[in-house]
Protein chains: 2
Amino acid sequence: MTDQTPKGKRRSKQKTERLDIHTVARLANVSIATVSRTINHVPTVNKKMAKRVWEVIKELDYAPNSQARSLVSGRSRLLGLIVSEITNPFFPELIQGFEDVAVEHGYEILIGSTNYDPERMKTCIRRMVERKAEGVAVMTFGIEEPLLDKLAERKLPLVFVDVGPERPEISLLRVDYHRGIRQGVQHLAALGHRDIAFISGPLILHSANSRLTAFKRAIQECGIKINPQWIVEGDHTMEGGMTAAEQLLTHGNVPTAVMCSNDMTAIGVLHEAYRVAMRVPDDLSVIGFDNIHMTRMTIPPLTTVQMSCYDLAREAVMALRAHVEKSLTPNREYGIKTQLVVRESTGFPHGTMEHLRNSADVPK
Amino acid sequence: MTDQTPKGKRRSKQKTERLDIHTVARLANVSIATVSRTINHVPTVNKKMAKRVWEVIKELDYAPNSQARSLVSGRSRLLGLIVSEITNPFFPELIQGFEDVAVEHGYEILIGSTNYDPERMKTCIRRMVERKAEGVAVMTFGIEEPLLDKLAERKLPLVFVDVGPERPEISLLRVDYHRGIRQGVQHLAALGHRDIAFISGPLILHSANSRLTAFKRAIQECGIKINPQWIVEGDHTMEGGMTAAEQLLTHGNVPTAVMCSNDMTAIGVLHEAYRVAMRVPDDLSVIGFDNIHMTRMTIPPLTTVQMSCYDLAREAVMALRAHVEKSLTPNREYGIKTQLVVRESTGFPHGTMEHLRNSADVPK
DNA sequence: TCAAATCGAGTAAACCTTTACCAAACTTTT
DNA sequence: AAAAGTTTGGTAAAGGTTTACTCGATTTGA
């Protein structure tokens, strides 16, 4: 049964000079082990040899094969990032942040977009598992419980950003909406607004719900009574914002200010106001949420609540690293701070004299 | 010297039931070769066995280790994508397209952003080489010739999208600017405009140059004399657009229409018009270029020339695949078509009676 | 000067697949 | 019924690295 005759066949790629660790070792007159140790900065390697090795590496422009490294070391240095759709203006900045921070820590990122399709979500996850991503940040909903079980079994570190269920093995990143929304409401109140409407996001979303709750709380904190007519459900799109604004601006009592659950909604409000010839901020103040890039470019530029995507991304990477490097305590909930960005879509309510303002907190 | 005693040491991960191809083979009662062939859809494998294997695979939710596969097969199924900055609104749609098409063909994508920093570009490329990307699409400038030489040596397929030098080993994707710009100019001419200004991009950019040239040509094709005063250099940012528009709208003869080298510039024009109380499109028509997502949301929505990012991305992936799979002819230049998207920022020139219009090609 | 201790480098196994080659089991032909 | 041909499955090598273990060389201590 046993065939003991290795006949030297199976010679591959005859001519091409291979550029592997053996070549480096040969040219530097050391063993491959030394080359490997040099590359990985193992301290026991002699300075002189290290120098020689590095010179050869530079000379050849040798780049170690990361697949082989990963295979044997069990570390892929790959981090996954799953978003719903890249073109949603909220995500690019987040991706950028994630990439920056990941690269900073020596990781590569693998991107997947789900387009809100659970099936695509599944294949995304599968791809990440196959590539042996060391952790995955999920920034979209639609991940199913059974899938989660499997992943838990596989011990794939996961961090959910502002979505997803609470689970013992998953880190959660939650944004401090209350603070952000309160900042917005207080800003409006300081300008003299009392008639403040709110356009929420789709209430199936955890984050949209939190924002709505935060709004109600903030309004009451300012001593204003909640008018249920002025709370409308949108869907976080511009079109949804327009529809909601139409309802708000053309029926019954018209508010003097609208706070929105996200920036896209606020942009919709801007459009609707334009359509019905209301001037922003003279007739209507508008505040968004997220501080997406686009808010700098609307007419007028939008006052909004920034949530630092960079921080969000940084925290996500950190949470993932905490799992992998097991030096930090994993599983804690990370809170993300927000900040008010005052631009030109907010002003004194119609009919209010400027001298009535009771705060210095006004847009320039 | 020879130590013939393999003492069975070096047992790793004792307890954890490994989930590898051997496990699958054992449970399906076949050899690992059969499992491998089943997974890779080698036609010679018996249907019954294949079925059994697939069942076990599903049962275990086995995912083959792509690092090992790549290592032995020499194919990483990884495609690199290098952009300047993800937050530039032009890129997300491109990334999305690239990802879609790549996944469609069984590839994963690796993203890198350079922030216009040649140093970062270098590390991006290095990362792609280490990961053994099978090809890289470069959508930013700043790649240096010596680096290109090295890459050519490594035979890393590259495709440049609208940037970069001509080189025998590199595929180029060029957009058909002339067609796009002409469409815009003809649209304006059909509306009755004769006083058409152009705000270019930074002329160091190949693409910006092409667009300017295309504009001049298109204008002359329409029988209009070029007024050098009405050609201003911008920088493809909103701020640049505002500055250029200020010059155009507040000095000397004021044009009735402005065509812009990209959408961000056009958005800047919209802002400047708003600032000086010119109404768009009543007093001034504005056309952008690129059809970035945001143009749907400006006030008024921007007429622009679409260049299909999806097509661009598709072509990029195809060009890369052409190199790798060596079934198609590589190195040919790919041309990307454009299309006019009429929205609400263009109209009849001020003072023109509607009945004077000489074409049906008007915005609704 | 010699033994012990320390240091640094080399050998070879292991990581998990794919796949060339071989062998066994059928099928068909004579 | 035997020979030839055709499937189909199994064995083992290879891919490029990391790293446990080993061993020679050098230094230190007596």
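Chain letters run A, B, ... following the sequence lines, proteins first and then strands; every chain starts at 1.
- At a cut-off of 3.5 Å, with distance as the only test, a side-chain donor of R69(B) or N40(B) sits close to an acceptor on the other residue.
- Between dG9(D), dA14(C), dT19(C), one nucleotide has an atom nearer to the side chain of S36(B) than all others, and that is dT19(C).
- What separates CD1 of I21(B) from P of dA12(D) is a distance of 16 Å, to the nearest Å.
- Using a distance-only test at 3.5 Å, with no hydrogens or angles considered, a donor-acceptor pair links the side chain of S66(B) to the main chain of E130(A).
- Nearest to the side chain of V30(A), among dA20(C), dA14(D), dG10(C), sits dG10(C).
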Q: Verify side chain to side chain contact (heavy atoms under 4.5 Å, CB included) between I86(B) and I111(B), making sure each step is shown before the conclusion.
A: CA-CA 9 Å; I86(B) 297 168; I111(B) 289 217; 4.1 Å; yes
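- Between Y62(A) and dG16(D), a side-chain N or O to OP1/OP2 separation shorter than 4.0 Å is absent.
- Nearest to the side-chain atoms of A68(B) among the listed nucleotides dG10(C), dG15(D), dA20(C) stands dG15(D).
- In the set dA9(C), dT19(C), dT8(D), dT8(D) carries the atom at the smallest distance from any side-chain atom of N46(B).
- Side-chain atoms of R69(A) lie closest to dT17(D) of the nucleotides dG10(D), dT17(D), dA12(D).
- Remark: T34(B) is in phosphate contact with dG10(D), judged by side-chain N or O atoms under 4.0 Å from OP1 or OP2.
- For R26(A) and dT17(D), the CZ to P distance is 13 Å, given to the nearest whole Å.
- Both A33(A) and Q67(A) sit near DNA chain D, but only Q67(A) has its closest nucleotide nearer the 5' end.
- Here OG1 of T114(B) is found 13.5 Å from NZ of K122(B). Values are rounded to the nearest 0.5 Å.
- For the pair R37(B) CZ and dT17(C) P, the computed distance is 16 Å after rounding to whole Å.
- Distances shown here put every side-chain N or O of N65(A) at or beyond 4.0 Å from the OP1 or OP2 atom of dG15(D).
- In this structure, the nucleotide among dC16(C), dG8(C), dA20(D) sitting nearest to the side chain of L71(A) is dC16(C).
- Across the protein-nucleic acid pair, R52(B) atom CZ and dT8(D) atom C1' stand 13 Å apart, rounded to whole Å.
- The distance from atom CD1 of I82(B) to atom CE of M128(B), rounded to the nearest 0.5 Å, is 4.5 Å.
- Distance, R77(A) CZ to dT18(D) P: 13 Å, rounded to whole Å.
- Nearest-nucleotide positions on DNA chain C for N29(A) and H22(B) put N29(A) closer to the 5' end.
- Across the interface with DNA chain D, nearest-nucleotide mapping of A63(A) and I32(B) shows I32(B) to be the residue nearer the 5′ end.
- Judged by distance alone, the side chain of R77(B) and the main-chain N or O of G106(B) form a donor-acceptor pair under 3.5 Å.
- When distances are taken from the side chain of V72(A) to each of dG16(D), dT18(C), dC16(C), the shortest belongs to dG16(D).
- dT18(D) atom P lies 11 Å from atom CD of E130(B), rounded to whole Å.
- Nucleic acid contact for V45(B): sugar-phosphate only, since backbone atoms but no base atoms lie under 4.0 Å from a heavy atom of the residue.
- Per the geometry, NZ belonging to K48(B) stands 13 Å off P belonging to dT8(D), to the nearest Å.
- A close approach under 4.0 Å does not occur between any side-chain nitrogen or oxygen of S31(A) and OP1 or OP2 of dT11(C).
- When rounded to the nearest whole Å, the span between CZ of R75(A) and C1' of dT19(D) equals 16 Å.
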